[in-house]
Undergrad: 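Pasting in a structure now, in structure tokens, and then I'll have a few things to ask.
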Amino acid sequence: MGANAFALTGNVVTMTAAPNARVVYVEDGKIVGVGDQGYAGELQRRGVTVHDLGGRTILPGFIDPHLHFAQYAAGTHRGIDCRVPACKTISDVLDALRTGLNAGRTVGDWLIGYGNLFFDQKIAERRLPTRLELDSVSRTTPIVLHCGGHVSVLNTPALALAGVERFITGGEGLWGSPVVHLDDAGQPTGVVAEIDGLLPIPESSVEELTRFYSDTFHNDFLAHGVTSLGEMAESARNVEALDAAVAAGSLNGRIALYAMAPSLLPVAAACDWVAGFSSRSGPERVWARGVKVFADGGYSARNAASLDDYSRDHGHRAGYRGKLNLSRGALMEAIRTARHKDVQIAIHTNGTRAQREAIEAILAVGDAHDHPPVRIEHLGNVLDSVEEIASWRAANVIPVMQPGFLHNFIGDYLPMLFPATGSTGRLPLRTVLHEGVSPVISSDITLGGEPGATNPLHTIWSAVSRRSYWGNHIEPEESISVAQALRLHTIEAAKAIGLDQVAGSLEPGKAADMVVLDRDPHTVPEAELKDIRVERTYVNGVLAYSGGEKA
Ligand SMILES: [Zn+2]
């Protein structure tokens, strides 16, 4: 018998060809055997400690293959939570900021708050706060309120420190450069798009980041059974702190890194960085998997490149369809460069036009089936027509989809942005699977994600129930089964981040990354899926989370 040998018995769901078992046996952090009740008896006779978990369900640890962990972890630690539903009105938001200011929760001189994505739609007044309202909290402390990933509101001192005058051009603004909203008198309202990276807020030290990451991984990920992440890495400093947290054992998980180009490095240099990466914590714990490039922006900033016209209610000129950030030629060049260096590429495409461009670029480069699949982030979150899916198969891509967005914004707000087409083709998961493409599902959590969105069972609930924030039932015929959704968050997600030889299923030879649930997701009423409790999470056979306590 190896070291640290133990077995768990319960309702074991393996994600293999033999999907159900009663016992999983672990030695030295690895799964040695999976079997029936007879096997459990045999292990007991051999003197193995068998923990009988009764009717509880044991699954492979969940894998979140696309998220912004570092940004979320640092943002939630540094900022004041102003999200709906805890804050319902603008006056609640101002109270939350005031309380934070009085408690000394500034970062350097700055007070940072954060609301949800599509904050202007979720707050009772259905608008963002203004500069003058934030000034009522303080006229001397610079305040920024992040409202989703692309839009922030700044008070008067913050606008001055950010030097926003230089961005007032009267134009629409290019993707990635700030757009300053002006009132009728030509004064800034306080709302500025795409400014966050340019604010002169002091950075956290690597030591602080290491602590933020360790706390957040435990409280928001291990507590929900997540053992592995596909992290969209924006800075070398964040990567250093992540690796330090894992190497120190304070963050007990696995992290695949995607170098964001160009925010981390330009494409070719990012490929070299991935190819040459080595971590202190070892290649099964922190490894560089690929490079992520941006074909377009996002819906909340109205710069997702769509095949359809945006509504003119949102102030767009007739025929406005968002913006492509990379030409087809630039996409082809990025794909060729990544292939040449044997690096996976992930292409961010929110809008249907960007999605089509990315697929066309892959097909134009050719030989898609002779190379590792290209990941296309958000592919299929919005689908123009079923015929598109044949080209996805030809391009051999992995769609990385976010069912939580049905709840979060796609369900309710897409029809507002695209009155003609926005009520169809939203996260058509059943159709995608039926057409023979296996997507993966992720939280894509960023600062401003909904409370609870780091919980994979929330994402799975969204994929099954298809309920929007406002309670609408979104294209119910596209619901998938719990069993299908669980696969997309475990074994399929493992393939997407290059972890399927190590984890993602419960079978001999794989790491003992496991989660114990208090109820069986296959049999609970649909509405209760997101309320299932994680009782234990194991990483490499080590109990990393247990009933709310740090193990
Ligand atoms: Zn993302």
Side-chain angles (χ1 to χ4, degrees), residues 62-76 114 116-118 146-151 175-176 193-194 196-197 216 220-221 226 228-235 238-239 242 255-264 270 288-305 322 325-326 334 344-351 354-355 358 374-382 397-410 413-414 427 439-450 453-456 458-459 462 488-489 493 496-497:
F62 290 113
I63 296 169
D64 193 339
H66 172 145
L67 80 171
H68 304 264
F69 173 80
Q71 191 245 34
Y72 170 78
T76 49
Y114 61 96
N116 330 45
L117 196 61
F118 282 84
H146 299 300
C147 303
H150 298 278
V151 178
W175 186 91
E194 313 292 0
D196 293 350
T216 295
D220 291 353
F221 291 87
V226 179
S228 301
L229 308 177
E231 164 72 348
M232 302 299 138
E234 285 176 72
S235 86
N238 295 354
V239 170
L242 274 173
I255 302 173
L257 300 167
Y258 288 83
M260 302 221 310
S263 45
L264 185 95
R289 171 67 174 163
V291 170
K292 182 189 178 196
V293 297
F294 287 80
D296 68 350
Y299 288 109
S300 64
R302 327 294 194 228
N303 52 19
N325 187 47
L326 291 173
Q344 189 186 35
I345 193 153
I347 306 175
H348 163 109
T349 66
N350 261 316
Q355 295 177 355
V374 173
R375 288 173 45 139
I376 304 202
E377 314 307 306
H378 318 304
L379 178 63
N381 280 1
V382 182
V397 297
I398 302 173
V400 183
M401 299 170 73
Q402 288 73 37
F405 288 4
L406 279 173
H407 179 67
N408 197 357
F409 74 95
I410 284 179
Y413 309 136
L414 211 71
L427 268 296
V440 298
I441 57 180
S442 87
S443 70
D444 193 17
I445 191 81
T446 54
L447 190 63
E450 298 306 316
T454 60
N455 179 2
H458 190 282
T459 300
S462 288
L488 306 188
H489 231 321
I497 63 168

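Read the numbers this way: they start at 1 and go in the same order the structure lists the ligands and their atoms.
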Undergrad: Run the side-chain contact (heavy atoms from CB on, under 4.5 Å) test against T349 and tell me which residues pass, sequence neighbours left out.
TA: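 Only A295, I347, A354, Q355, A358, I376 meet the side-chain contact (heavy atoms from CB on, under 4.5 Å) criterion with T349.
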Undergrad: So, S263 versus E234: side-chain donor-acceptor pair below 3.5 Å or not?
TA: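 No donor-acceptor contact under 3.5 Å links the two side chains.
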Undergrad: Indicate whether any N or O donor in one side chain lies under 3.5 Å from an N or O acceptor in the other, for H348 and E377.
TA: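 The answer is no; no qualifying pair exists.
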Undergrad: Does a donor on one side chain and an acceptor on the other come within less than 3.5 Å for Q402 and H378?
TA: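 Yes, H378 and Q402 have a side-chain donor paired with an acceptor closer than 3.5 Å.
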Undergrad: Can you list the protein N, O or S atoms less than 2.8 Å from the Zn ion (ligand 1)?
TA: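 Protein N/O/S atoms under 2.8 Å of the Zn ion (ligand 1): H66 NE2, H68 NE2, D444 OD1.
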Undergrad: Given Y413, which of Y299, F405, F118 fulfils the ring-ring contact (aromatic ring centres under 6.0 Å, His included) condition?
TA: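 Result for ring-ring contact (aromatic ring centres under 6.0 Å, His included) with Y413: F118.
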Undergrad: Of the options L447, V151, N408, which is the one that meets L117 in a side-chain contact (heavy atoms from CB on, under 4.5 Å)?
TA: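 Of all the options given, the one that passes is N408.
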